[in-house]
Number of protein chains: 2
Amino acid sequence: MPTLRDTIAEDLRTQITTGHLKPGDRLPSEPKLATHYKVSTPTIRQALALLQTEGLIEKTHGKGNFVRAPLRRITYRGGTGIPFAPDLQTAIRTTTIQARGHIRTLLKVPSNTLLTEFHCTTYEGEAPRSVARIYIPRDLAPAAQLASSSWPGSRDMDRTETQETVTARLPTPEEATALRISHRRTVLTVTRIALNSAGRVIEAALLVLPSDAADAVFTTHPTRNERETDR
Amino acid sequence: MPTLRDTIAEDLRTQITTGHLKPGDRLPSEPKLATHYKVSTPTIRQALALLQTEGLIEKTHGKGNFVRAPLRRITYRGGTGIPFAPDLQTAIRTTTIQARGHIRTLLKVPSNTLLTEFHCTTYEGEAPRSVARIYIPRDLAPAAQLASSSWPGSRDMDRTETQETVTARLPTPEEATALRISHRRTVLTVTRIALNSAGRVIEAALLVLPSDAADAVFTTHPTRNERETDR
DNA sequence: GAGTGGTCTAGACCACGAG
DNA sequence: TCGTGGTCTAGACCACTCA
């Protein structure tokens with residue numbers, strides 16, 4: 001038997017998806033919804049929290065609850081060095097740091113090796129849609145910076161293998177504010193490592209995308225060699 | 001300024017991670033926690049809900065709240081036809097269905113084409129760790145069934161390209177019960193399409209994994225061709 | 001200052017699990 | 001039957017936004 005909050009959430013959900021409530025519309029205030037549905041405000045809030053995790057509404061303290069515009073899906077295309085498909089603007093900030101911790105492990109370099117960090121944010125208009133941090137050993141960085149209009153670490157480098165690990169988790173507070181999403185929404189993360197023909201790690205990248213509007217697509221062509229060595 | 005529920009969650013979190021509370025331990029009942037922390041039960045429950053979405057505790061109606069054993073991570077290895085890395089048991093159920101809706105679109109077959117559906121569940125001991133549904137046009141299915149001890153649709157078929165789409169979302173109620181996870185935990189989904197040398201879709205697969213204990217890893221080797229045709 | 005959502009209280013009642 | 005968590009109520013008080 002469905003609970004009150006579920007039936008209320010379902011009702012609001014259909015009102016949004018059928019267009020009775022349009023993107024940008026403000027929902028009635030929580031007390032008004034409570035009297036309309038004949039429940040108390042905490043119950044209404046639980047229903048709204050559901051819709052928030054689904055990405056259907058956006059809550060703003062002091063203003064109200066708003067129907068969110070359905071995000072255009074972002075497709076991250078794996079394998080190539082090129083991160084994102086649609087026409088998004090990218091802002092890149094470059095700094096130099098010393099290798100440590102997780103990043104050092106990914107790049108397999110000694111401690112305090114100098115790295116160039118590219119801090120990339122893609123925007124769709126005003127809205128940030130992804131954040132990424134790309135680390136390249138500084139002796140390789142000049143070549144990578146050539147493609148300054150595109151993303152760093154692109155294909156003009158001697159890249160022979162790319163390994164990408166995809167997982168999902170709750171965002172850190174910084175990621176939530178950077179992507180302007182609620183703390184409740186999960187993010188899809190891609191950890192990418194690129195090797196050159198000598199087996200050296202020439203790039204490590206950490207990408208974060210809102211999981212409700214992002215797909216990661218990987219196309220692979222098994223070689224004869226892979227077919228035989230796989231168990 | 002942190003809220004009460006956050007400080008309580010943080011306190012319990014450190015008790016779990018430092019080992020004061022061990023996997024399998026039952027937490028004090030919610031009223032007892034409420035009096036201990038000098039808050040009301042709803043506040044305790046919000047703190048526990050946080051830990052639940054983090055996968056640290058498991059709530060069982062009528063029994064109590066228990067510290068969850070940290071799950072061994074599952075690694076889904078993309079590219080090959082072989083789905084999972086660790087030594088997991090697999091249960092496979094086979095049925096025949098007619099193509100329709102989403103599956104039909106993925107396989108690019110006419111409506112009502114006969115398909116063999118493999119419903120696969122992997123277990124680590126008693127615990128289900130992943131569910132998958134694999135669809136193969138029935139005229140191709142006998143070859144796939146050869147590898148009955150392994151997974152269906154494996155590499156002995158003429159598979160030249162695999163395309164995998166990874167995303168994350170909340171589980172359907174069926175998926176939550178099948179994986180024995182809470183409705184709040186997100187799942188990682190992999191939609192896989194395999195093509196043969198003629199360009200025919202010879203397999204469509206939908207995999208669902210608990211996102212907190214699963215990674216999807218993809219290794220790609222760009223060919224000269226790909227380097228040039230990519231924009 | 002008026003209206004909004006965010007947090008929290010102190011209960012009530014029901015449903016589930018185990019003895 | 002008893003203790004547990006699940007749901008819900010009817011408020012209170014604070015913080016934020018905007019006029």
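Per chain, numbering begins at 1; letters A, B, ... match sequence-line order.
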Side-chain heavy-atom pair B:His183, B:Leu170 within 4.5 angstrom cut-off:
no
Run the side-chain hydrogen bond (donor to acceptor under 3.5 Å, both in side chains) test against B:Glu30 and tell me which residues pass, sequence neighbours left out.
B:Arg45, B:Lys59, B:Asn65
Which is true for A:Arg45 with a 4.0 Å heavy-atom rule: it touches a base, it touches only sugar-phosphate, or it touches nothing?
base
On DNA chain D, compare the nucleotides closest to A:Leu4 and B:Leu27; which residue's is nearer the 5' end?
B:Leu27
Which pairs would a plain distance check flag for residues 95-104 of chain A, meaning a side-chain donor or acceptor within less than 3.5 Å of a matching protein atom at least two apart in sequence or in another chain?
from, atom 1, to, atom 2, distance (Å)
A:Thr95, OG1, A:Glu117, OE1, 3.1
A:Arg104, NH1, A:Val109, O, 2.8

How would you list, by chain and number, every residue that makes a side chain to side chain contact (heavy atoms under 4.5 Å, CB included) with A:Ala34, sequence neighbours excluded?
A:Thr41, A:Ile44
Residues in side chain to side chain contact (heavy atoms under 4.5 Å, CB included) with B:Arg184, at least two apart?
B:Ala49, B:Gln52, B:Thr53, B:Ser182
Partners meeting salt bridge (Lys or Arg N to Asp or Glu O under 4.0 Å) with B:Asp212 (sequence neighbours left out)
B:Arg68, B:Arg185
Taking heavy atoms of chain A and a 4.0 Å limit, find me the 5'-most and 3'-most nucleotide of DNA chain C within that range.
C:dG3 to C:dT7
Residues forming a salt bridge (Lys or Arg N to Asp or Glu O under 4.0 Å) with A:Glu124, sequence neighbours excluded:
A:Arg72, A:Arg129
Note: contacts of residues 53-66 of chain A with DNA chain C (heavy atom, under 4.0 Å) are A:Lys59, A:Thr60, A:His61, A:Gly62, A:Lys63, A:Gly64, A:Asn65
Partners of B:Thr177 by side chain to side chain contact (heavy atoms under 4.5 Å, CB included), sequence neighbours excluded?
none
